[in-house]
Protein chains: 2
Amino acid sequence: MPPSKINLVEKHALITEQWSPKIVAQMNDYHFKLAKLQGEFVWHSHADTDEVFLIIKGELNIDFRDGCTTFSEGEMVVVPKGVEHKPWCKEECHIMLIEPAGTSNTGEDGDISGTGIKQTEGEWI
Amino acid sequence: MPPSKINLVEKHALITEQWSPKIVAQMNDYHFKLAKLQGEFVWHSHADTDEVFLIIKGELNIDFRDGCTTFSEGEMVVVPKGVEHKPWCKEECHIMLIEPAGTSNTGEDGDISGTGIKQTEGEWI
């Protein structure tokens, strides 16, 4: 069989929980994850890897310690390893994350106590 | 300065040559490349790496030895390492490729003699 087609809109439709990235593809030892975001995440960083955010629908703000940037549909950013960031958005947005398999959504330093956010490396959908 | 925003439509507008992927981002040792495609590429494979195609605009067909699949805007595919493939499209399409830095567009076995296609690992735009 030829390699499978992955439709990002159809995959996003399967996601019911916000701030909980789901894996849709693997390339070598990297995962492609989709997520629905709304509200505020926590400050965190990834000590050992860069991380890519690609905006599929809506707008995503990311606070960095030296400023906030708003990303719209069709825009992407590489957050360098070790750089603290805090994603947030008032309206729900849909994103794709690209990062090494096993990367945690909260990094090594995200404090999720009392937020309702769950730590996850992603599950396949 | 916060990490730079990369707008895929604006970057694609800078590309004038077809079948010549241009690098727009680096995550760890991987490159994100944009390309405009029209016509037929050559059969080739990448012995050491998987390769991701994400369709940004239009439609892309990829012939595999066991069938052809048509990919539309918002769809992606992971071509596993070693799998022969031949991209083609009648109308121009815009794609993003994700693969290790240094990956050649023609793989190790693409025969471009007489096609006008140039071998490239991509240049930054």
Side-chain angles (χ1 to χ4, degrees), chain A residues 1-13 23-32 34 46 48-57 59-86 94 96-100 103, chain B residues 1-13 23-32 34 46 48-57 59-86 94 96-100 103:
Chain A
M1 293 283 291
S4 299
K5 180 191 297 194
I6 300 155
N7 184 299
L8 301 185
V9 170
E10 290 176 7
K11 288 291 190 184
H12 259 116
I23 305 163
V24 297
Q26 178 155 355
M27 172 194 61
N28 300 329
D29 53 352
Y30 280 74
H31 278 162
F32 289 68
L34 300 183
H46 306 279
D48 299 321
T49 183
D50 301 340
E51 179 179 40
V52 163
F53 289 75
L54 173 63
I55 314 305
I56 305 296
K57 182 180 175 185
E59 288 195 339
L60 176 65
N61 309 290
I62 304 183
D63 285 342
F64 300 98
R65 291 300 186 187
D66 49 1
C68 176
T69 306
T70 300
F71 301 94
S72 302
E73 188 174 322
E75 294 182 334
M76 60 178 278
V77 61
V78 183
V79 179
K81 66 180 177 182
V83 169
E84 288 181 288
H85 54 290
K86 179 184 178 176
H94 298 182
M96 183 156 66
L97 293 167
I98 305 156
E99 56 197 7
T103 301
Chain B
M1 293 285 291
S4 299
K5 179 191 296 193
I6 301 155
N7 183 300
L8 301 185
V9 170
E10 290 176 7
K11 288 290 190 184
H12 260 116
I23 305 164
V24 297
Q26 178 155 354
M27 171 194 61
N28 300 329
D29 53 352
Y30 280 73
H31 277 162
F32 289 68
L34 300 183
H46 306 279
D48 299 321
T49 183
D50 301 340
E51 179 179 39
V52 163
F53 289 75
L54 172 63
I55 314 304
I56 305 296
K57 182 180 175 185
E59 287 195 339
L60 176 66
N61 308 290
I62 304 183
D63 285 343
F64 301 99
R65 291 300 185 188
D66 49 1
C68 176
T69 305
T70 301
F71 301 93
S72 302
E73 187 175 321
E75 294 182 334
M76 59 177 278
V77 61
V78 183
V79 179
K81 65 181 177 181
V83 169
E84 288 181 288
H85 54 290
K86 178 183 177 176
H94 298 182
M96 183 155 67
L97 293 167
I98 304 155
E99 56 197 6
T103 301

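Throughout, protein chains are lettered first and strands after them, A, B, ... in sequence-line order, and every chain is numbered starting at 1. Since we're looking at a predicted model, the values are computed, not measured.
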Requested in this report: Decide if atom CG of A/D48 counts as having more than 12 heavy atoms of other residues, nucleotides or ligands within a radius under 6.0 Å.
Outcome: no
Report task. Indicate the atoms forming the closest heavy-atom contact of B/D50 with A/N28, along with that distance. Result -> OD2-N, 2.7 Å
Requested in this report: Look only at the side chain of A/K5 and the backbone of B/E75, and say whether a donor-acceptor pair between them is shorter than 3.5 Å.
Outcome: no
Query raised in the report: Taking all non-hydrogen atoms of both residues, which atom of B/L54 and which atom of A/M96 are closest, and how far apart?
Result: CD2-CE, 4.2 Å
Report summary line: What one should report as the nearest heavy-atom pair of B/I98 and A/M27 is O-SD, 3.2 Å
Query - Structural part of A/F53 lying under 4.5 Å from a heavy atom of chain B - result: neither
**Report entry** Interface moiety of B/F32 toward chain A, non-hydrogen atoms closer than 4.5 Å
**Finding:** side chain
Query raised in the report: How about B/K57: does its NZ atom have over 12 heavy atoms from other parts shown lying under 6.0 Å from it?
Result: no
Query raised in the report: How many angstroms lie between atom CZ of A/F71 and atom CD1 of B/I6, to the nearest 0.5 angstrom?
Result: 8.5 Å
Query raised in the report: B/P3 pairs by side-chain contact (heavy atoms from CB on, under 4.5 Å) with which of A/V77, A/T69, A/I62?
Result: A/V77
Report task. Might you confirm whether atom NZ of A/K81 has over 12 heavy atoms from other residues, nucleotides or ligands at distances under 6.0 Å? Result -> no
Query raised in the report: Side chain, backbone, both or neither: which part of B/S72 has a heavy atom under 4.5 Å from chain A?
Result: neither
Requested in this report: Mind listing the closest non-hydrogen atom pair of B/Q26 and A/V78 along with its distance?
Outcome: O-CG1, 3.4 Å
